[in-house]
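Input: a single structure, listed below in structure tokens.
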Amino acid sequence: MKRNIVIAVVTAAALIGGGTATAIATSGDDDTPTTTHPVDTVGSDDDRRDDDRDDLDDLDDDAQALSAKVNAADAIAVALKHQPGTAVAVERDDDGADDDDRDHRGKAAWEVDVLGGGDTWYSVWIDPNTGEVLGSETDAEDDADEVRAALKGTSVTAEEAAEAAASKGTVTSVDLDDDTRGWEVETITSGDDDREWLVDLNRGKVTADEDDDRDDR
């Protein structure tokens, strides 16, 4: 019990002070000499392994996007045939491959957000290799009017934005920019160069997103 208390105190001290802490092992006998052992609390092997694993997962996701037979524009077209409405976003959702999610059937997928009638939203999952609809769900959000207002009078759809940005690389996501500057599109190339682009809502012109502050631009 005393050993557990000492470890807990050392762990708390390390979290507060950062860096290397010293654990002191004691026994129930006060005359027993103490022994010190350095405990490295920063940059542990477990942390490095987790970081490496995350990097590998990102590379794997990119590789899947590059090899997919169904691209983002195709996925939007399939989703709208399944659920008519206005496509507002599409992105690769590979998390579903990690479990037996009923919406993904345990597969990676394109997730397409479709605005239907009223405040009803639909999420439709499309198999990136076969174009099959894997599942869908309905949700009610309170931003439907804002989205409709942002798209009112515009002529370039999310599907057309994905097609326009495809000249820059493989499209991995399309979404309506928060400031309604246009469609925000992310692409990846075979050289692992991810970029963000803006596609004009009326002309379809593709320009580099000036707010893209990622290190690999």
Side-chain angles (χ1 to χ4, degrees), residues 50 53-141 143-144 147 151 156-178 182-199 206 209 212 214 216:
D50 289 342
R53 193 177 298 112
D54 290 342
D55 291 342
L56 289 174
D57 288 343
D58 290 342
L59 290 174
D60 186 54
D61 291 347
D62 291 344
Q64 290 187 48
L66 288 168
S67 63
K69 297 180 176 65
V70 177
N71 62 32
D74 295 335
I76 292 173
V78 172
L80 290 177
K81 187 175 293 186
H82 176 79
Q83 177 54 61
T86 302
V88 178
V90 61
E91 67 175 346
R92 286 282 304 205
D93 187 356
D94 295 328
D95 292 338
D98 297 334
D99 52 44
D100 191 20
D101 189 291
R102 65 180 180 83
D103 298 314
H104 295 248
R105 300 184 198 170
K107 298 180 179 180
W110 285 109
E111 180 179 358
V112 184
D113 292 337
V114 178
L115 177 58
D119 293 334
T120 305
W121 287 89
Y122 300 90
S123 292
V124 184
W125 287 273
I126 310 297
D127 189 303
N129 293 307
T130 66
E132 176 190 7
V133 176
L134 298 175
S136 63
E137 70 176 18
T138 305
D139 198 3
E141 299 289 346
D143 58 348
V147 172
L151 293 176
V156 177
T157 65
E159 181 179 353
E160 291 168 339
E163 292 173 341
S167 61
K168 306 297 184 180
T170 299
V171 175
T172 57
S173 74
V174 178
D175 199 357
L176 191 61
D177 179 70
D178 290 340
W183 293 107
E184 189 175 73
V185 184
E186 294 185 4
T187 61
I188 181 76
T189 67
S190 56
D192 293 331
D193 180 24
D194 356 342
R195 299 288 298 274
E196 289 185 358
W197 310 90
L198 284 176
V199 179
V206 182
D209 186 354
D212 182 3
R214 289 175 295 180
D216 54 357

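- Two residues are said to be in side-chain contact when any heavy atoms from C-beta on lie closer than 4.5 Å; Ile188 and Asp193 fail this criterion.
- Rounded to the nearest 0.5 Å, atoms CG (Asp209) and CD (Glu186) are 9.5 Å apart.
- Counting all heavy atoms, side chain and backbone alike, Thr138 lies closest to Thr120 at CG2-CG2, 3.3 Å.
- Under the rule for a salt bridge (charged side-chain N to carboxylate O under 4.0 Å, His left out), Asp74 has no partner lying at least two apart in sequence or in another chain.
- Atoms CD and CG, on Glu184 and Leu198 in that order, are 6.5 Å from each other to the nearest 0.5 Å.
- The two residues Ala68 and Asn129 make their nearest non-hydrogen contact at CA-OD1, 4.0 Å.
- Atom-to-atom distance recorded for Asp93:CG and Ser173:OG is 12.0 Å, nearest 0.5 angstrom.
- Across every non-hydrogen atom of Val88 and Trp183, the tightest pair is O-CZ3, 3.2 Å.
- Closest non-hydrogen pair, Leu115 versus Ala144, comes out as CD1-CB, 3.7 Å.
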Under 3.5 Å donor-acceptor pairs involving side-chain atoms of residues 75-86, not counting sequence neighbours:
none

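- Scanning all heavy atoms of the two residues, the minimum distance from Ala158 to Val174 falls at O-CG1, 4.1 Å.
- For the salt bridge (charged side-chain N to carboxylate O under 4.0 Å, His left out) condition, no pair includes a residue of residues 161-176, sequence neighbours left out.
- Nearest heavy atom pair, residue Ala164 against residue Val199, reads CB-CG1, 4.4 Å.
- Side-chain contact check for Arg92 versus Trp110: some heavy-atom pair is nearer than 4.5 Å.
- The line from CG of Asn71 to OG1 of Thr172 is 12.0 Å long, rounded to the nearest 0.5 Å.
- How far CG of Asp113 is from CG of Leu176: 11.5 Å, rounded to the nearest 0.5 Å.
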